[in-house]
Amino acid sequence: MSVLVFAENWEGRFKKSTFEAISYAGEIARQMGTSATAVVIGNASDEDMKALGKYGASKVLFLKNDKLNTLEPGVYTSILAQAAKSCEAKVVIISYTYTGKAIAPRIAVRLKGGLVSGAIALPTGLNPFTVRKKCFSGKGLTDVVVNAEVKVIAITPNSYKLNTGTGEAALEALAFTLNDGDLKVVSKEIKKSSGKVALTEAEIVVSAGRGMKGPENWGMIEQLAEALGAATACSKPVADMGWRPHHEHVGQTGITIGPNLYIAIGISGAIQHLAGVSSSKVIVVINSDAEAPFFKAADYGIVGDAFQIVPQLVEAVKRLKAAHN
Amino acid sequence: MKFLVCISNVPDTTTKIVFADNKGLNPAGVQFIINPYDEIALTRALEIKEALGGTVTVINVGGAGTEPNIRKALAIGADDAIRINAEPTDAFFVAAQIAEVVKKNQYDVILTGRESIDYNGAQVAGMLAEILGMPGVTVATKLDIAGTQATVEREIDGGKEVVSLSLPFVASAQKGMAEPRIPNMRGIMTARTKPLTVLEAVASEMHTASVAYELPPAKQACKMISPDHVSELVDLLHSEAKVI
Ligand SMILES: Cc1cc2nc3c(=O)[nH]c(=O)nc-3n(C[C@H](O)[C@H](O)[C@H](O)COP(=O)(O)OP(=O)(O)OC[C@H]3O[C@@H](n4cnc5c(N)ncnc54)[C@H](O)[C@@H]3O)c2cc1C
């Protein structure tokens, strides 16, 4: 009766959000007096799979098949369902990533379970099973009780700390028969985004708005991002005017992110913008208008001209990095 | 081609959220809109219908209070509407209601928004696909249909993926799929007479319940740094906030 966790990988590599999901599953398993079993679909190395033990997975059920290196939601669901049956899982943990959003609802229905998507913390109670999540695009919090026997939790990336233990997970191949007709969603092409750091996974995000006046002024934004090892983002009008690509647009109608550090430069802080970034752990605002609403949501602020401040910031970050290398 | 577009009724994006006794949203003074992602889905359905022919039906699970927004969807261009008369308290319940309608009416393409901006669950599309045994694509930024095949671009971590699948299917719309339309005068006039069927809910389980609500903890006051001492910010981020 273990806790099952889907260990998502990208081209065979695990990322931090997977380690978080395993740590989260491991802790719930500990509270329930059982163990966590991870499921890996695709081509991760044995080494990397064993290392999932560090985060709290006692066992890894894996399925290597080149046809399953990209997501097929129905098939991934069948594999997870089979794994859940084999270890009689009553709790299933999935990362609330794009892949997680595709499969969590399906696995919940398949197992006749209840789903909490976008959980932000451990269950506040196991009986009744209660999990906290955000609602109203970050403007509220709600406690959701799962009444069904099987509980499926999709955990928001960057909201649960990593468990760093020792130990290796035991590996076990899953016997799953894939028929050609099962692959209903066929991958044709992968378009990787141009940014060096993917926005949804970035720990630091440097974001800029209409205050930058025009696309020609983004050099300093990119320099700051590079100095910090950050991803770049932008406000909606900036993407709408074509100053920056659409995949950088954060907010209510764009991407939702929750990095450790969000630096907003020349962005007014409209409520729709805040909806996409309010989960950030620390927010820095640089704006020439002391009355800009963003300062109310910020931890640190500088009132001033971005064109003066950002280059100085780049130099200061470089000095800090040099001093600590 | 028969489209079914699922629309939910949500507080406007600028709403200040107030909870009544921490039991749920206090609706006083709240303006409700069609969920913005659902509007994107609706617009794309209309564009494809205009190019290839067919019908676009909108469906909402909600009380009579959602009808103004259902009429708005008709004004934007949907041909007819269905309202399932029940409070949409759990995503599975909603998906189960819509699935019933799909089983009876045989739609080719079922669209939702990528998530509703009230509960941010991103659940209904995936659940519908599973209940109906259909292929599904979530967080789709492009949708094209030729014959019985669809080509869809979806958001993946670190980029986009183009996939193909056969009709019928379920997809959830992300920004980029279409630019929402504003209803014109003629649309508003004809919307009044377009059919809106009200159906009673079928019995279904509810697997989850939101039992308590609260506002997020208030932020501490913002620490201001002088524009003449920019490096102080970097020091604070390093030694105090420990994020760089
Ligand atoms: C339904 C709906 C959905 C929306 N969704 C989103 C969304 O997802 N994301 C989003 O971002 N917006 C969204 N918006 C738009 C949002 O309401 C704001 O209009 C938008 O966020 C403003 O972008 P901005 O801050 O870049 O521009 P502005 O509001 O024009 O602000 C520019 C800021 O730059 C500052 N500035 C100017 N010059 C300088 C300088 N030299 N140095 C420093 N600062 C300077 C100004 O003081 C100002 O605060 C949505 C709106 C609606 C109605």
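Predicted model, so just to flag it, every value in this text is computed and none were measured. In what follows, every heavy atom counts, from backbone to side chain, and hydrogens, waters and symmetry copies are set aside. Quick note on labels: first sequence line is chain A, next is B, and so on, each numbered from 1.
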Residue part contacting chain A, namely of [X], when any heavy atom lies under 4.5 Å:
| X | answer |
| --- | --- |
| B/P11 | side chain |
| B/T208 | both |
| B/I40 | neither |
| B/F19 | side chain |
| B/I225 | both |
| B/V139 | side chain |
| B/K160 | both |

Do other residues, nucleotides or ligands put more than 12 heavy atoms under 6.0 Å from the [atom1] atom of [X]?
| X | atom1 | answer |
| --- | --- | --- |
| B/K142 | NZ | no |
| A/K281 | NZ | yes |
| A/K112 | NZ | no |
| B/E205 | CD | no |

May I ask you to say whether [X] pairs ionically with [Y], meaning some side-chain N is under 4.0 Å from a carboxylate O?
| X | Y | answer |
| --- | --- | --- |
| A/K191 | B/E153 | yes |
| A/D299 | B/K219 | yes |
| A/K101 | B/E155 | no |

Nearest atoms (heavy-atom pairs only) where [X] meets [Y]:
| X | Y | answer |
| --- | --- | --- |
| A/R106 | B/A129 | NH1-CB, 3.4 Å |
| A/E201 | B/G158 | OE2-N, 4.3 Å |
| B/S164 | A/K188 | OG-CE, 3.2 Å |
| A/K184 | B/P135 | CB-CB, 3.9 Å |

Under a 4.5 Å heavy-atom cut-off, does chain B meet the side chain of [X], its backbone, both or neither?
| X | answer |
| --- | --- |
| A/T77 | side chain |
| A/E149 | neither |
| A/L71 | both |
| A/D240 | side chain |
| A/I309 | both |
| A/V284 | side chain |
| A/L228 | side chain |
| A/F129 | neither |
| A/A102 | both |

Looking at [options], which makes the most heavy-atom pairs under 4.5 Å with chain B?
| options | value |
| --- | --- |
| A/V185, A/N260, A/V282 | A/V185 |
| A/A275, A/G113, A/G74 | A/G113 |
| A/D305, A/L183, A/L313, A/V131 | A/L313 |
| A/A297, A/A230, A/G304, A/G118 | A/A297 |
| A/E203, A/E72, A/R132 | A/R132 |
| A/G138, A/A298, A/A270, A/A290 | A/A298 |

Practice task
Name, in order of residue number, those residues of residues 117-126 of chain B that have a heavy atom at a distance of less than 4.5 Å from a heavy atom in chain A; otherwise write 'none'.
Solution key: B/I117, B/D118, B/Y119, B/N120, B/G121, B/A122, B/Q123, B/G126
Rounded to the nearest 0.5 Å, how far apart are [atom1] of [X] and [atom2] of [Y]?
| X | Y | atom1 | atom2 | answer |
| --- | --- | --- | --- | --- |
| B/L215 | A/K139 | CG | NZ | 11.0 Å |
| A/Y300 | B/M224 | OH | CE | 13.0 Å |
| B/S210 | A/L141 | OG | CG | 11.0 Å |
| A/T253 | B/E39 | OG1 | CD | 11.5 Å |
| A/R319 | B/S231 | CZ | OG | 5.5 Å |
| A/I302 | B/E232 | CD1 | CD | 9.0 Å |

Exercise for the section: Measure the shortest side-chain to side-chain distance between A/I204 and B/I244 over non-hydrogen atoms and say whether it is less than 4.5 angstrom. Expected result: yes
Problem - Heavy-atom side-chain proximity of B/M127 to A/V109 below 4.5 angstrom - result: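 A side-chain contact under 4.5 Å exists here.
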Handout entry: Backbone of B/D157 reached by a side-chain donor or acceptor of A/T200 within 3.5 Å
Key = no
Practice task
Could you tell me whether a side-chain N or O of B/K175 sits under 3.5 Å from a main-chain N or O of A/H247, the two making a donor and an acceptor?
Solution key: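 No; judged by distance alone, with no hydrogens or angles, the pair does not exist.
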Handout entry: Pair A/S187, B/E161: side-chain N/O donor-acceptor within cut-off below 3.5 Å
Key = yes
